[in-house]
Amino acid sequence: MSLNSQSPMATSAAPALLTQVGMAGGAAVITVSFIHPIDVVKTRIQISSEYGRLGMGGTIAKITGDEGVLALWKGVNAAWLREASYTSLRLGLYEPVKVMFGANDAGAPFYKKFAAGSAAGAIGSVAGNPFDVLKTKLMACQDHWRRGCVGLVEGSQCCLASRGILHVTSSWALRAREGYVTKMACYDQAKGVVVDATGWERKAPQT
């Protein structure tokens, strides 16, 4: 069978909106569970000159020695909420928003894809911002936060007391939106080039 022949995957109907959002959020939650320790180490190095001097290996050793191994997963519950809101929306809404903007048509100009990615990224970033701030606060905290829902509530109360949940919404939303729109619009445009050059279907597995 030739590469450009249609397969069941290539001709199947697009999944429903809730299915796309759910799959995007589920995949993101699973992924962040594994990479969260790296994020904790990165955050400590960024905000502390002491950890910066220690480097990655020294930071891991200090965190686990002073706070225990589970400290590498500090704030993971907030990270789950962040991925379930921000990532699920920005990824799950991209295709429907593309249709609304006319960016899903063959030969659609790049600016329409850019606008669709910007809209999806903005919606997701506004929804996920409170959880992102909370996640960062929990990761940076060197105290012995209680894990689970209790620790999440305590962290939320701390952020609210310092007005830290919402005050960076605009800057973080701009960063998240522009980062996402660049990735998705460029990916979509590059995929179109590959499809035009090879004759493959846009929804074929190899693309």
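Along the sequence shown, residues carry numbers from 1.
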May I ask whether Ile63 and Val69 are part of the same hydrophobic cluster, defined by side-chain heavy atoms of I, L, V, M, F, W, Y residues being less than 4.5 angstrom apart, directly or through others? yes
Hydrophobic clusters here meaning ILVMFWY residues chained together by side-chain heavy-atom distances under 4.5 Å, can you tell me if Phe101 and Tyr111 are in one? no
Would Ile47 and Met56 show up in the same hydrophobic cluster when neighbours are defined by side-chain heavy atoms closer than 4.5 Å? no
Starting from Val97, can I reach Val21 by hopping between I/L/V/M/F/W/Y residues whose side chains sit under 4.5 Å apart? yes
Give, for atom CD of Gln46 and atom CG of Asp39, the distance between the pair rounded to the nearest 0.5 Å. 8.5 Å
Nearest non-hydrogen partners of Gly124 and Leu89, listed with the distance: CA-CB, 3.9 Å
Between Lys62 and Arg44, does a side-chain contact (heavy atoms from CB on, under 4.5 Å) hold up when you go through it step by step? CA-CA 11 Å; Lys62 182 171 176 57; Arg44 296 288 182 95; over 6 Å; no
Can you see whether Trp80 engages Ser33 through a side-chain donor-acceptor pair at a distance of less than 3.5 angstrom? yes
Closest non-hydrogen atom pair between Ala103 and Ala108, with its separation: O-CB, 3.5 Å
Rounded to the nearest 0.5 angstrom, the CD1-CZ distance for Ile123 and Arg90 is 13.5 Å
Pairwise distance CD(Glu83) to CG(Asp132) - rounded to 0.5 angstrom: 8.5 Å
Same apolar cluster (I L V M F W Y, side chains within < 4.5 Å links), Leu81/Val29: no
Shortest non-hydrogen pair, Ile60 vs Thr64, comes out as O-OG1, 2.8 Å
Return yes if some donor-acceptor pair links the side-chain N/O of Thr59 with the main-chain N/O of Tyr51 below 3.5 Å, else return no. yes
A quick test of your reading: do over 12 heavy atoms of other residues, nucleotides or ligands sit less than 6.0 Å from CE of Met100? no
Heavy-atom pair of closest approach, residues Tyr86 and Gly121: CE1-O, 4.2 Å
Measuring only between side-chain heavy atoms, which start at C-beta, is Lys135 closer than 4.5 Å to His36? yes
Smallest heavy-atom separation, Gly92 atom then Ala24 atom, equals N-CB, 4.1 Å
Measuring only between side-chain heavy atoms, which start at C-beta, is Glu67 closer than 4.5 Å to Lys74? yes
Are any of the side-chain heavy atoms of Val32 and Thr87 separated by less than 4.5 Å? no
Drop me the distance from Thr43's OG1 to Leu138's CG, to the nearest 0.5 angstrom. 11.0 Å
Do you know the tightest heavy-atom contact between Ile45 and Gly52? CG2-CA, 4.0 Å
Atom CG of Leu93 and atom NZ of Lys98: how far apart are they, to the nearest 0.5 Å? 13.5 Å
Once you round to the nearest 0.5 Å, how far does OG of Ser88 lie from CZ of Arg82? 11.0 Å
